[in-house]
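Only this structure's heavy atoms are used, side chains among them; waters, hydrogens and symmetry mates stay out. We count residues from 1, following the sequence as given.
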Amino acid sequence: MDDPILTIEEREAINSGRWFSSLSPSLRHDILRCAFVKRYKDGDLLAARGDPPEHWIACAKGALRVSSTAVSGKQVTLTYVEPGIWFGDVAMFDGERRTHDTYSHGDTTVLCVARADFQKILATHVELYEALMRLQARRIRTLFGLVEDLNTLPLRARLAKQLIHLVRSYGVPSLDDGSQTRIGLQLAQEELAQLLGASRQRVNQELKTMEREGTIRIEPAGLVVLDRSALMQISAADN
């Protein structure tokens with residue numbers, strides 16, 4: 001059953017989001033006033049490719065896995081939406097059907113704003129148009145950066161950059177050693193490989209090399225970053 005109220009931690013994740021926190025207090029208030037809470041278990045389907053655009057969505061807890069299905073029938077993970085991130089606004093504008101499948105990854109909480117309410121907020125707050133343009137510009141810059149990395153950086157550097165991103169978004173300080181950071185988002189190596197456009201075998205080899213170097217530790221429950229500065233150095237490699 002959906003809990004209609006966000007927890008303190010979930011509300012903080014929404015309010016501290018880089019984009020959402022940049023909005024005026026009145027706009028944030030009207031968005032939250034119209035939003036309703038939905039909670040999902042791991043692997044639940046939120047939206048399928050071809051679905052009509054019914055909601056503007058923000059992740060408040062957990063993660064949302066955005067994927068597509070290859071001709072072979074295999075699901076391919078494209079990205080993960082982390083807490084504090086809003087998405088689905090493009091479909092709110094053009095009215096086109098969803099282009100990808102979205103699943104919950106772990107226990108996940110989302111905020112949803114119905115399309116009719118989204119349109120009312122736009123009519124009331126012209127500010128939202130410019131804010132969403134900035135959001136789209138940031139996404140385009142990120143996309144170009146990913147394409148550039150894919151074509152110019154070796155897998156080792158791309159993997160390091162991905163791990164740094166995961167630490168920033170899901171890092172949990174180790175109770176045993178505060179200098180170590182556990183990545184709270186549990187990803188199978190196959191899922192990590194899909195994010196990087198590489199094979200699981202190659203990613204596994206690079207992870208084991210980093211482990212031998214003392215940069216990370218591979219555990220059954222996930223990855224622990226031992227030396228973040230070393231990851232930064234690896235991510236800066238250009239050959």
Side-chain angles (χ1 to χ4, degrees), residues 1-40 44-49 51-66 78-146 165-171 184-185:
M1 181 179 296
D2 294 332
D3 187 334
I5 301 175
L6 292 174
T7 66
I8 294 176
E9 293 78 10
E10 291 167 349
R11 181 173 287 273
E12 174 60 23
I14 294 294
N15 287 329
S16 63
R18 177 182 174 187
W19 177 79
F20 191 74
S21 63
S22 71
L23 305 179
S24 67
S26 61
L27 176 52
R28 295 199 304 268
H29 173 271
D30 283 358
I31 291 173
L32 294 177
R33 181 174 57 84
C34 293
F36 57 93
V37 179
K38 292 188 72 67
R39 301 183 189 281
Y40 297 92
D44 287 347
L45 177 66
L46 279 73
R49 181 174 185 172
D51 283 351
E54 297 179 345
H55 301 115
W56 183 35
I57 300 173
C59 181
K61 173 188 173 184
L64 301 174
R65 176 170 59 85
V66 180
L78 303 175
T79 190
Y80 288 87
V81 178
E82 63 202 56
I85 300 297
W86 290 78
F87 75 104
D89 38 275
V90 172
M92 294 291 98
F93 279 115
D94 64 18
E96 297 293 330
R97 294 182 179 272
R98 299 293 187 187
T99 55
H100 299 90
D101 301 320
T102 305
Y103 295 87
S104 55
H105 188 85
D107 291 339
T108 300
T109 303
V110 300
L111 273 182
C112 300
V113 177
R115 190 179 183 201
D117 288 328
F118 178 84
Q119 297 291 346
K120 290 177 182 177
I121 297 172
L122 277 176
T124 306
H125 296 272
V126 178
E127 169 196 353
L128 185 55
Y129 282 100
E130 183 178 348
L132 287 172
M133 287 179 62
R134 292 197 305 270
L135 182 61
Q136 294 304 322
R138 186 183 305 159
R139 289 171 177 163
I140 291 171
R141 289 177 184 275
T142 299
L143 179 59
F144 281 148
L146 291 173
H165 172 73
L166 291 173
V167 165
R168 289 171 179 163
S169 302
Y170 295 97
L185 183 68

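Residues Leu32 and Asn15 have side chains in contact (heavy-atom distance under 4.5 Å, counting atoms from C-beta outward). By the 4.5 Å heavy-atom criterion applied to side chains, Val37 and Leu111 are counted as neighbours. The shortest distance between side-chain heavy atoms of Thr102 and Val81 does not fall below 4.5 Å. Side-chain contact between Ile14 and Arg28: absent, with no pair of heavy atoms (C-beta onward) separated by less than 4.5 Å. Considering only heavy atoms from C-beta on, Ile121 comes within 4.5 Å of Leu27 through its side chain. Taking the side chain as every heavy atom from C-beta outward, Lys120 and Cys34 never approach each other to under 4.5 Å.
Within a 6.0 Å radius of CZ in Arg49, other residues, nucleotides and ligands contribute 12 heavy atoms or fewer. Taking a 6.0 Å sphere around CD1 of Ile8, one finds it holds 12 or fewer heavy atoms contributed by other residues, nucleotides or ligands.
The aromatic rings of Phe20 and Trp86 sit parallel to each other, their planes meeting at less than 30°, with 60° as the upper class boundary. Relative orientation of the Trp56 and Trp19 rings is perpendicular, given thresholds of 30° and 60° on the angle between their planes.
Using modelled atom types, no side-chain atom of Ser169 and backbone atom of Leu166 make a donor-acceptor pair closer than 3.5 Å. In terms of modelled atom types and a separation under 3.5 Å, the side chain of Gln119 and the main chain of Met92 share a donor-acceptor contact. Not a single donor-acceptor pair under 3.5 Å links the side chain of Glu10 to the backbone N or O of Thr109. The backbone N or O of Gly62 sits less than 3.5 Å from a side-chain atom of Tyr170, completing a donor-acceptor pair.
Every residue was checked against the side-chain hydrogen bond (donor to acceptor under 3.5 Å, both in side chains) condition with His100, not counting sequence neighbours, and none meets it.
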When you look at Phe93 and Leu122, which way does the side chain to side chain contact (heavy atoms under 4.5 Å, CB included) test go after all the steps? CA-CA 10 Å; Phe93 279 115; Leu122 277 176; 3.7 Å; yes

Salt bridge (Lys or Arg N to Asp or Glu O under 4.0 Å) for Arg139 and Asp89? Distances and angles first, verdict last. CA-CA 12 Å; Arg139 289 171 177 163; Asp89 38 275; 3.0 Å; yes

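Here Phe36 and His55 bring their ring centres to under 6.0 angstrom of each other.
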